[in-house]
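Please read these numbers as outputs of a predicted model, since none were measured by experiment.
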Amino acid sequence: DLDEAARAPERAAELRARARRTLEEGVRAAPVPAGWFLLGRACEEGGDDDGARRAWERAYRDGPDQPGLRPRLARLRIRQGAREAGEALL
C-alpha cells in the first residue's frame with residue numbers, strides 16, 4: 001500500500017491509512033522487529049512522528065540490527081529534540 005500511495009498521490013492518504021491499520025494488526029499478531037519498522041515508516045509517512053518513534057523504539061529494542069532502522073530513528077529522535085539520544089545511534 002505504501003508503494004502504491006507513492007504512485008497514486010490522489011489516493012495516498014487512504015492507502016497509507018490502510019497500510020497502517022494492516023501493520024498495526026500484524027504487529028499485534030506477530031510483534032517482530034521488521035513489522036515494527038514498517039509500522040514506523042507508515043506512521044512517519046502519514047505525519048505521525050510520535051507513532052513512528054514508538055514503533056521504531058520497539059523495533060530497536062527487539063532487533064537493533066534491522067536494516068535502515070538506526071538512521072531513521074536517529075533522525076527522528078534529533079528532530080524531536082532528543083539530539084544526544086539520536087546521535088548515539090549514528
**Report entry** Residue pairs fulfilling salt bridge (charged side-chain N to carboxylate O under 4.0 Å, His left out) with at least one residue in residues 54-63, sequence neighbours excluded
**Finding:** R53-E57, E57-R77, R58-D62
Query raised in the report: Rounded to the nearest 0.5 Å, how far apart are SG of C43 and CD of E24?
Result: 6.5 Å
Report summary line: When every non-hydrogen atom of A52 is compared with those of G40, the smallest separation belongs to CB-O, 3.4 Å
**Report entry** Presence of salt bridge, R20 and E44, under 4.0 angstrom
**Finding:** no
**Report entry** Residues that E25 engages under salt bridge (Lys or Arg N to Asp or Glu O under 4.0 Å), provided they are two or more places apart
**Finding:** none
Query raised in the report: Which atoms form the tightest heavy-atom contact between P71 and L90, and what is the distance?
Result: CA-CD2, 4.5 Å
Query raised in the report: Would a 4.5 Å heavy-atom cut-off, applied to side chains only, mark F37 and R72 as touching?
Result: yes
Requested in this report: Would you mind checking if E14 and R18 are paired as a salt bridge, meaning a charged N to carboxylate O distance below 4.0 Å?
Outcome: no
**Report entry** Sub-4.5 Å side-chain heavy-atom contact between Y60 and L89
**Finding:** yes
Query raised in the report: Taking atom CG of D49 and atom CH2 of W56, what is their separation to the nearest 0.5 Å?
Result: 8.0 Å
Report task. Output yes when R70 and D65 qualify as a salt bridge under the 4.0 Å nitrogen-oxygen rule, no when they do not. Result -> no
Query raised in the report: For the atom pair CD (E84) and CD1 (I78), what is the distance rounded to the nearest 0.5 Å?
Result: 11.0 Å
**Report entry** Gap between atom CZ of R41 and atom CG of L23 - 0.5 Å precision
**Finding:** 9.5 Å
Query raised in the report: With a 4.0 Å cut-off, would you call E87 and R83 a salt bridge?
Result: yes
Query raised in the report: At their closest point, which heavy atom of A59 faces which heavy atom of P33, and how far apart are they?
Result: CB-O, 3.6 Å
